[in-house]
Amino acid sequence: SKHYTSGTFAYAGSQLGAVITMPIAGVLAASNSGWPSIFYIFGVLAIIWSIAFLYFGADTPSIHRSISPEERMYIEDSLRTTEAKSDDEVKQKLKTPWKHIFTSLPMWAIIIAHSTQNWGGTTLSTQIPSYITGVLNFNVKESGIISALPYSVKFILTFPISWLSDFALKKGAARGTIRKICNTVAYWGPAIALACMSVVPTDGYIWAIVILVLAVSLNAGGLSGFLINHIDLSPNFAGTMVSITNTFATVISIIAPLICAIIVTDESNVYQWNIVFYVSAALFFLGNLVFVIFGKGEIQWWNDPKAQQPKRKEKKENETHI
């Protein structure tokens, strides 16, 4: 189960990025260059990272330019992929079962979970600085530091949650149950926290910050919940599945701040902010409810292209008899 831990740690990099960038963004926004410098600097860094990824990245361990034989064997064995059994099979391209992916209920459970996660996560990450300056009356530099605090805690929580989920797997707990428990903590915990924001007095900034820290940091469970669940369902097509779910979720990430801007016309109006928090809490609740009901932890039959052929033959035979 170590590959699940590795996957969770890789996903946790986004939290570390938020921890680093938010204070820097606050300093840049308060500088003479102003807020446009944030986009220029991080845009250049993104281009540099893309070049490095294009050079060092690879589709599979078998074609990586610098991977060691031990690491290649470990990754391929742990994921139980259908590649790497022989040189011919390594070269053979797996056929993506598009129809089965898009008609899979567990897959749609992830899509909905990912989308609702991005609504709540994007709303919090983009709007926390505005809430802190508008309602809690902190300056821009302080806002950047305070905004990074929830993501610092979230990054730290990633490691014990990942370890506990893998420990439970070793002890025989069902993989689907573990994913749903982690996801419930990640969604319903923040939903309760955000719903509590409405009872925080306007001068109770300490309580507001504590609740925001809880709302963001408890979301760390999602890394061991719906995100790693792509690999659970289909190790061979997890990358394709992530691309699909992330496409849906990215659209939601674009919509969420726009809706927030429509609701919050006055950044100092706490009642308008409460509407934003209630909407995010409701979506967190519903997204996890769908995942708990329809999510699965077992590898789906369409993960193995060889297993698809007998099913196709069986279907044709049935049609012939009819």
Side-chain angles (χ1 to χ4, degrees), residues 3-4 6-8 10-11 14 50 53-54 57-64 75-119 122 175-176 179-180 183 222-255 286-320 322:
H3 61 283
Y4 290 108
S6 301
T8 302
Y11 285 131
S14 61
S50 299
F53 183 78
L54 287 171
D59 288 340
T60 63
S62 58
I63 62 174
H64 196 281
I75 295 174
E76 291 171 344
D77 288 346
S78 63
L79 289 178
R80 297 191 186 95
T81 58
T82 54
E83 64 165 298
K85 298 299 180 184
S86 66
D87 289 339
D88 291 335
E89 289 179 349
V90 167
K91 294 175 183 176
Q92 183 181 4
K93 185 175 177 64
L94 298 178
K95 209 170 185 180
T96 304
W98 295 106
K99 178 183 176 182
H100 301 304
I101 289 176
F102 278 105
T103 55
S104 169
L105 274 178
M107 173 62 175
W108 276 101
I110 298 179
I111 291 174
I112 292 171
H114 200 162
S115 297
T116 52
Q117 153 65 28
N118 270 34
W119 181 288
T122 303
R175 181 173 284 110
R179 300 299 178 234
K180 292 175 183 180
N183 220 66
L223 301 179
S224 296
F226 81 92
L227 264 177
I228 209 70
N229 194 227
H230 295 83
I231 300 177
D232 295 329
L233 299 184
S234 178
N236 286 324
F237 303 106
T240 301
M241 292 167 63
V242 170
S243 299
I244 294 170
T245 65
N246 200 46
T247 298
F248 281 92
T250 300
V251 173
I252 298 299
S253 295
I254 296 170
I255 296 172
L286 293 173
N288 183 63
L289 185 63
V290 171
F291 185 76
V292 168
I293 295 173
F294 298 107
K296 299 289 183 183
E298 302 80 21
I299 294 179
Q300 302 300 291
W301 67 267
W302 41 263
N303 171 67
D304 186 357
K306 292 179 181 177
Q308 296 176 32
Q309 295 175 2
K311 286 190 175 285
R312 290 196 190 101
K313 289 181 181 178
E314 185 180 341
K315 185 178 179 182
K316 286 182 179 179
E317 288 175 2
N318 292 335
E319 289 175 352
T320 303
I322 291 172

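Below, each value reflects all heavy atoms present in this structure, side chains not excepted, and no hydrogens, waters or symmetry copies.
Annotation: ring pair (Phe, Tyr, Trp, His ring centres under 6.0 Å) contacts of Phe226 (sequence neighbours excluded): His114. Remark: Leu289 engages Trp188, Phe285, Ile293 in a side-chain contact (heavy atoms from CB on, under 4.5 Å) (not counting sequence neighbours). Evaluation of the side chain to side chain donor-acceptor pair (under 3.5 Å) rule for Ser253 yields Asn118, Thr122 as partners, not counting sequence neighbours. Residues satisfying the side-chain contact (heavy atoms from CB on, under 4.5 Å) test with Lys296, not counting sequence neighbours, are Pro106, Leu233, Glu298, Gln300. Partners of Ile252 under the side-chain contact (heavy atoms from CB on, under 4.5 Å) rule, at least two apart in sequence or in another chain, are Ser115, Trp119. Asn288 pairs by the side chain to side chain donor-acceptor pair (under 3.5 Å) definition with Asn183, Thr184, not counting sequence neighbours. Residues passing the side chain to side chain donor-acceptor pair (under 3.5 Å) test with Thr116: none are found, sequence neighbours excluded. Remark: Phe102 pairs with no residue by the ring pair (Phe, Tyr, Trp, His ring centres under 6.0 Å) rule, at least two apart or across chains. With sequence neighbours left out, the side-chain contact (heavy atoms from CB on, under 4.5 Å) criterion links Thr240 to Thr96, Trp98, Ile244.
When all heavy atoms of Phe291 and Arg179 are compared, the pair lying nearest together is CE2-O, 3.8 Å. Shortest non-hydrogen contact noted between Lys180 and Gly295 is NZ-O, 3.0 Å. Summarising the geometry of Ile112 relative to Val290, their closest heavy-atom pair is CD1-CG1, 3.8 Å, with the distance given to 0.1 Å. Between Asp232 and Gly297, the shortest heavy-atom distance links the atoms CB-O, 3.7 Å.
Taking the six-membered ring where tryptophan is involved, the planes of Trp108 and Phe248 are perpendicular, since the angle between them exceeds 60° and thus also 30°.
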Begin with the C-alpha distance, continue with both residues' side-chain angles, and end with the deciding distance and a verdict on side chain to side chain contact (heavy atoms under 4.5 Å, CB included) for Met107 and Thr245. CA-CA 8 Å; Met107 173 62 175; Thr245 65; 3.7 Å; yes
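Rounded to the nearest 0.5 angstrom, Ile101 CD1 and Asn303 CG are separated by 9.5 Å. Note that CG of Asp304 is 9.5 Å distant from OG of Ser234, once rounded to the nearest 0.5 Å. Expressed to the nearest 0.5 Å, how far NE2 of His230 lies from CD1 of Ile110 amounts to 4.5 Å. Taking CG of Asn246 as the start and CD1 of Ile111 as the end, the distance is 11.5 Å to the nearest 0.5 Å.
In this structure, the side chains of Trp302 and Lys99 stay at 4.5 Å or more apart for every pair of heavy atoms.
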